[in-house]
Amino acid sequence: MNQLKALIFDVDGTLAETERDGHRVTFNRAFTAAGLDWEWSVEQYGELLAVTGGKERIWSYLQQYHPNFEPPIAEISTKEWIAQLHAAKTAYYTELLRQGGIALRPGVLRLLTESKAAGMRLAIATTTTPANVTALLEAALPDGLGWFEVIAAGDIVPAKKPAPDIYHYALQQLQLEPQDCLAFEDSEAGLKSAQQANLTTVITVNDYTRSQDFSGAALVLNHLGEPELPFEVIAGSAESSTYFDLALAKNLLNPVRH
Ligand code: XBP
Ligand code: MG
């Protein structure tokens, strides 16, 4: 019998729908400010999301679309120039969040509040830059940062999702075994990362990830639901639940074999 001790949340696409109207918009803002005529459309960004990590995504875009690109500053490497461009994007993104630009997804605040009241440990495992997590939580949760015992984010690990590094790091910081935790993700890359860390994983899809392969996920939902906003079960079984709560979380960790 596994005893649920912690919930580990992905950020982008899981806690909040940040990609289309947040990250993508601020990548474009940084490109314009740098005098570049690059503009990532909603559709193109969906393709670029196959590469996790903003710096890695810019590099991948250059290799695909501007293979002969030379940074406008000859004294620095392309890698350093990308890092500077990404830092500018992060400044635009955190400012957008501070202005209340992005809300938490349905059921997220309710589940976090229930978990905090029940003494359930909470952690984050994300590819995004730590400053982005801080800005999102401070904007969306009353004393947001304090709710999470561990915030594993961005370059803290050498390999980004789908590698399991960030989940291994979060588990190590929690000093917990994977079988006593539940992971929440939105993408195939995130699921692969959590699965390789032997974590039972719940998926909440979004427009960018709906058609991805979520084989092996414990449950695939359209969102975590609210009492007055039932979720849609896309794969797996939620028994009689119509929204995600700790009781359902505990059942997923110890599925009854029929
Ligand atoms: C999603 C990512 C991140 C964001 C952009 O992270 O892959 O790279 O798209 O953020 P997750 P940065 O779903 O793991 O939360 O530009 O800071 O990387
Ligand atoms: Mg995600």
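Atoms within a ligand are numbered from 1 in the order they appear, just like the ligands themselves. Model, not experiment: these values are computed from the prediction.
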Look at the side-chain heavy atoms of Ile, Leu, Val, Met, Phe, Trp and Tyr, link any pair under 4.5 Å apart, and say whether Ile234 and Val108 land in one connected group. no
In terms of ring plane angle, is the pair Phe69 and Trp81 parallel, tilted or perpendicular, where the classes change at 30° and 60°? tilted
Tell me whether the centres of the aromatic rings in Phe184 and Phe9 are closer together than 6.0 Å. yes
Centre-to-centre under 6.0 Å for Phe27 and Trp38, is that the case here? no
Can you name the one residue among Glu56, Glu185, Glu188 that meets salt bridge (charged side-chain N to carboxylate O under 4.0 Å, His left out) with Lys161? Glu185
Can you tell me if [X] uses its side chain to pair, donor with acceptor, with the backbone of [Y] under 3.5 Å?
{"X": "Asp143", "Y": "Gly146", "result": "no"}
{"X": "Thr200", "Y": "Leu182", "result": "no"}
{"X": "Thr209", "Y": "Gln212", "result": "no"}

Testing Leu111, Asp245, Thr14 for side-chain contact (heavy atoms from CB on, under 4.5 Å) with Leu224, which one passes? Leu111
So what's near the Mg ion (ligand 2), protein N, O or S atoms under 2.8 Å? Asp10 OD2, Asp12 O, Asp186 OD1
Under a 4.0 Å heavy-atom cut-off, which residues neighbour ligand 1? Asp10, Val11, Asp12, Glu19, His23, Phe27, Tyr45, Thr52, Gly53, Gly54, Arg57, His86, Lys89, Thr126, Thr127, Thr128, Thr129, Asn132, Lys161
